[in-house]
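Worksheet: the structure to be examined is printed underneath.
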Amino acid sequence: MPIDWEDKYETGNEKLDDQHRQLFRFTNKLEELLEQPAVDPAELEQLIHFLQTYVSSHFRYEEACMFKERCPVAKENRDAHQLFLDYFDSSNQRYETEGFSFDWLRELHGFIHGWLGSHIC
């Protein structure tokens, strides 16, 4: 099921909200790949590369905003970001070792989908 942007995800920071919307679009694109009978490896690798670079940049920006605003949950937020990055690195290692499978893609999508919904709120 696609993850749709809702008002409850808004942070009040338009740049952060735009970045979060982009992450939702990425997650929904992964879901679209799951619905196809075959996955184009080049398209998948492009999406994975995008996520690697985009998430790192987004996390840095979000953590800087939280530091600047002295957010009381900044440490928990950093910890959640690290959890995401650790999972993503582990998933990429699995992909590089074992190659593509729909099970792998379902697990990756499921993790990102669940993480986004709970993390942003």
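Here the structure is a predicted model, which means the values were calculated and not measured.
Listed for the S118 side chain is a donor-acceptor partner under 3.5 Å among the backbone atoms of G114. In this structure, T27 contributes its side chain and L23 its backbone to a donor-acceptor pair below 3.5 Å. In terms of modelled atom types and a separation under 3.5 Å, the side chain of D17 and the main chain of T11 share a donor-acceptor contact.
Both L30 and Y54 sit in one connected hydrophobic cluster of ILVMFWY residues. Membership requires side-chain heavy atoms under 4.5 Å apart, directly or through other members. Taking hydrophobic clusters as Ile, Leu, Val, Met, Phe, Trp and Tyr residues chained together by side-chain heavy-atom distances below 4.5 Å, F100 shares a cluster with L34. Residues M66 and L116 do not share a hydrophobic cluster, defined by chaining ILVMFWY side chains whose heavy atoms lie under 4.5 Å apart.
By the ring-ring contact (aromatic ring centres under 6.0 Å, His included) test, W104 is found to be paired with Y95, residues two or more places apart in sequence or in another chain being considered. Partners of F67 according to the ring-ring contact (aromatic ring centres under 6.0 Å, His included) rule, which considers only residues two or more places apart in sequence or in another chain, do not exist here.
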Check the pair Q52, N92 against side-chain contact (heavy atoms from CB on, under 4.5 Å), reporting the backbone distance first and the verdict last.
CA-CA 10 Å; Q52 274 182 312; N92 277 343; 3.3 Å; yes

Please report the C-alpha distance between C65 and N13 in whole Å, then the side-chain angles of each, then the deciding distance to 0.1 Å, and finally whether the side-chain contact (heavy atoms from CB on, under 4.5 Å) criterion is met.
CA-CA 9 Å; C65 288; N13 179 312; 3.8 Å; yes

Give the C-alpha distance, both sets of side-chain angles, the deciding distance and a yes or no for salt bridge (Lys or Arg N to Asp or Glu O under 4.0 Å) between E14 and R21.
CA-CA 10 Å; E14 192 59 36; R21 284 184 191 96; 3.5 Å; yes

Q19 and L16: CA distance, side-chain angles, deciding distance, side-chain contact (heavy atoms from CB on, under 4.5 Å) verdict:
CA-CA 5 Å; Q19 291 177 1; L16 277 178; 4.0 Å; yes

Candidate pair I120 and K8, rule side-chain contact (heavy atoms from CB on, under 4.5 Å), full reasoning:
CA-CA 9 Å; I120 294 174; K8 68 181 181 179; over 6 Å; no

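Counting only heavy atoms from C-beta outward, the side chains of D40 and L33 never approach each other to under 4.5 Å. With a 4.5 Å cut-off on side-chain heavy atoms, Y87 and E107 count as touching.
Side-chain polar atoms of D89 and Q93 form no donor-acceptor pair below 3.5 angstrom. Using modelled atom types and a 3.5 Å distance limit, the side chains of N28 and H113 yield no donor-acceptor pair.
The aromatic rings of F59 and W115 are tilted relative to each other, their planes meeting at an angle between 30° and 60°. Between Y9 and F24, the ring planes are perpendicular. Angles over 60° get that label, and only those under 30° would be called parallel.
Here the options are E62, H58, E76, the test is side chain to side chain donor-acceptor pair (under 3.5 Å), and the partner is H81; only E62 passes.
Remark: I48 CD1 to L108 CG distance equals 5.0 Å, nearest 0.5 Å. Rounding to the nearest 0.5 Å gives a distance of 9.5 Å between OG of S91 and CG of L51. Interatomic distance, NE2 of H20 versus CD1 of I3, reported as 11.0 Å (0.5 Å rounding). Within the model, atoms CZ of R25 and CZ of F50 stand 8.5 Å from one another, a figure rounded to the nearest 0.5 Å. Distance check: Q22 CD to W5 CH2 gives 11.5 Å after rounding to the nearest 0.5 Å. Of the inter-residue distances, the one linking E31 atom CD with M1 atom CE reads 8.5 Å to the nearest 0.5 angstrom.
Checked against the 6.0 Å centroid criterion, the rings of F88 and F111 do not qualify as a close aromatic pair.
Electrostatic pairing of K15 and D18 does not count as a salt bridge here, judged by no charged N lying under 4.0 Å from a carboxylate O.
Atom CD of E43 sits in a crowded spot, with more than 12 heavy atoms from other residues, nucleotides or ligands closer than 6.0 Å.
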